[in-house]
Amino acid sequence: MGGLLLGEYRLYCLDQNRHIAHGEWFAADDDDHAIALVTAKRLGIHCELWSGNRMVAKIPAHVTAP
């Protein structure tokens, strides 16, 4: 039986010195789906989305109103 293969992604959130402050691993259908999952989190920190050794996207920090 064939199943759907999901891509493996890593989300690295960076501190003000651009060092990894947090990492998360997850699966998604494709790059667009992975980006949508990350942006929906509305993170308050700059992040990078990776698949293997390929950077998929830079995700800017979501700015919230005071």
Side-chain angles (χ1 to χ4, degrees):
M1 284 189 188
L4 293 177
L5 290 178
L6 296 177
E8 294 182 7
Y9 292 87
R10 295 181 321 274
L11 177 66
Y12 295 122
C13 296
L14 310 175
D15 65 16
Q16 65 272 13
N17 296 318
R18 301 288 187 195
H19 296 127
I20 297 172
H22 172 76
E24 179 180 335
W25 290 256
F26 65 97
D29 295 333
D30 56 28
D31 290 354
D32 291 336
H33 183 225
I35 292 168
L37 290 172
V38 171
T39 55
K41 293 177 179 261
R42 302 174 68 90
L43 300 168
I45 188 170
H46 176 83
C47 299
E48 293 179 353
L49 180 62
W50 289 79
S51 178
N53 63 356
R54 177 178 62 91
M55 183 189 296
V56 176
K58 290 185 177 186
I59 311 295
H62 175 76
V63 179
T64 57

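Remember, predicted model here, so these are calculated numbers, not experimental data.
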Quiz item: Is there a path of hydrophobic side-chain contacts, each under 4.5 Å between heavy atoms of I, L, V, M, F, W or Y residues, that connects Val38 with Ile45?
Solution: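 In one cluster: yes.
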Quiz item: Do Trp25 and Trp50 sit in the same hydrophobic cluster, where Ile, Leu, Val, Met, Phe, Trp and Tyr count as joined when their side-chain heavy atoms come under 4.5 Å apart?
Solution: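 Shared cluster, yes.
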Quick check: closest heavy atoms across [X] and [Y], and the distance to 0.1 Å?
| X | Y | value |
| --- | --- | --- |
| Tyr12 | Ile20 | CD2-CD1, 3.8 Å |
| Pro60 | His46 | CA-ND1, 4.0 Å |
| Ser51 | Glu8 | OG-O, 3.4 Å |

Quiz item: Can you check whether His33's main-chain N or O pairs, donor with acceptor, with Asp29's side chain at less than 3.5 Å?
Solution: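 Side chain of Asp29 to backbone of His33: no pair is present.
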Quiz item: Going by the salt bridge (Lys or Arg N to Asp or Glu O under 4.0 Å) test, which pairs reach into residues 46-61, not counting sequence neighbours?
Solution: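 Sorted result for residues 46-61: Asp31-Arg54.
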Self-check item: Side chain proximity check, Leu49 to Phe26, heavy atoms < 4.5 angstrom
Solution: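 Heavy-atom side-chain distance check passes, below 4.5 Å.
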Self-check item: Any Leu11 side-chain heavy atom under 4.5 Å of Leu43 side chain
Solution: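 SC-SC contact between Leu11 and Leu43 confirmed.
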Quiz item: What distance do Cys13 atom SG and Lys41 atom NZ have between them, rounded to the nearest 0.5 Å?
Solution: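 With rounding to 0.5 Å, SG (Cys13) is 8.5 Å from NZ (Lys41).
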Quiz item: Any chance CG of Asn17 has more than 12 other-residue heavy atoms, nucleotides or ligands included, within less than 6.0 Å?
Solution: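 Yes.
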Quiz item: Counting heavy atoms not belonging to Glu24, are there more than 12 under 6.0 Å from its CD?
Solution: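 More than 12 heavy atoms, drawn from other residues, nucleotides or ligands, come within 6.0 Å of this atom.
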